[in-house]
Peer 1: 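I'd like to ask you about the structure that follows.
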Amino acid sequence: MAKKGNVNLLYVLGMALVAIGCVLPMFKLGPFSANVFRFMDFDSAGSIGAILLFAGAVAGLVFSFVSVGNASLLKLVALLASIIGGILLFGVDSELGFKILKKVAYIGLYVVLAGWVAACIGYFSNK
């Protein structure tokens, strides 16, 4: 019989949703929509946030399947990096403050939020 892996499926699902949400359109204003990669211009806090958001999600997925020491701590760091990146992208950038976010939010943003909730529940329920 094969050895059963210790993969937290809810955490993996949540981080996969965050990564998918980054690719989907997150903001829409009229006919214009933008995903996370539109904000990677490397000259603002929003750009750093976009990189952290996507890189944290991918790193969390990688740490779930690769056997490394302190994998639990690394998965927590990846989740926190993704959340901090989202706060930098959505809250600090002067063009996308929290006040106008509810007017321009689109499907990708809701997928990212659902992914964060699922990943947090998955991480903290597996202790």
Peer 1: If you look only at pairs with a residue in residues 44-63, which of them pass as a ring pair (Phe, Tyr, Trp, His ring centres under 6.0 Å), with sequence neighbours excluded?
Peer 2: F37-F54

Peer 1: Same hydrophobic cluster for L73 and F65, using side-chain heavy-atom links shorter than 4.5 Å among ILVMFWY?
Peer 2: no

Peer 1: Taking all non-hydrogen atoms of both residues into account, name the closest pair between G56 and A78 and its distance.
Peer 2: O-CB, 3.4 Å

Peer 1: Mind checking the CG-CD1 spacing from L88 to I51? Nearest 0.5 Å is all I need.
Peer 2: 11.0 Å

Peer 1: Looking at side-chain heavy atoms only, is the closest gap between I87 and I83 below 4.5 Å?
Peer 2: yes

Peer 1: Which atoms form the tightest heavy-atom contact between V12 and L61, and what is the distance?
Peer 2: O-CD2, 3.5 Å

Peer 1: Do you reckon V23 sits in the same ILVMFWY cluster as M26, going by side-chain contacts under 4.5 Å, direct or chained?
Peer 2: yes

Peer 1: My understanding is that only residues two or more places apart in sequence, or in another chain, count here; which of them pass side chain to side chain contact (heavy atoms under 4.5 Å, CB included) with A114?
Peer 2: none

Peer 1: Do L53 and V112 come within less than 4.5 Å of each other through their side chains, counting heavy atoms only?
Peer 2: yes

Peer 1: Say whether V36 and L113 are linked into one hydrophobic cluster, either directly or through other cluster members, by side-chain heavy-atom distances under 4.5 angstrom.
Peer 2: yes

Peer 1: Please check if the side chain of Y123 supplies one atom and the backbone of S72 the other of a donor-acceptor pair under 3.5 Å.
Peer 2: yes

Peer 1: Do F124 and L13 share a hydrophobic cluster (ILVMFWY, side-chain heavy atoms under 4.5 Å, transitive)?
Peer 2: no

Peer 1: Spell out, yes or no, whether V58 and L74 are grouped together once hydrophobic residues are joined by side-chain heavy atoms under 4.5 Å, including indirect joins.
Peer 2: yes

Peer 1: Partners of A105 by side chain to side chain contact (heavy atoms under 4.5 Å, CB included), sequence neighbours excluded?
Peer 2: L109, Y110

Peer 1: Which residue is it: L79, N8, V62? I am looking for the one with a side-chain contact (heavy atoms from CB on, under 4.5 Å) to M15.
Peer 2: L79

Peer 1: Please walk me through it: do F27 and S33 pass side chain to side chain contact (heavy atoms under 4.5 Å, CB included)?
Peer 2: CA-CA 5 Å; F27 309 106; S33 64; over 6 Å; no

Peer 1: Look at atom CG of L29 and say whether more than 12 heavy atoms of other residues, nucleotides or ligands are closer to it than 6.0 Å.
Peer 2: no

Peer 1: Do S125 and Y11 have side-chain N/O donor and acceptor atoms under 3.5 Å apart?
Peer 2: no

Peer 1: Should L24 and N35 count as side-chain neighbours, where that means a heavy-atom distance under 4.5 Å?
Peer 2: no

Peer 1: Check whether any side-chain heavy atom of S64 sits under 4.5 Å from a side-chain heavy atom of K75, and report yes or no.
Peer 2: yes

Peer 1: State, to 0.1 Å, how close L17 and G115 come at their nearest heavy-atom pair, and which atoms those are.
Peer 2: CB-CA, 3.7 Å

Peer 1: Measure across V18 and A57 and return the closest heavy-atom pair with its distance rounded to 0.1 Å.
Peer 2: CG1-CB, 3.6 Å

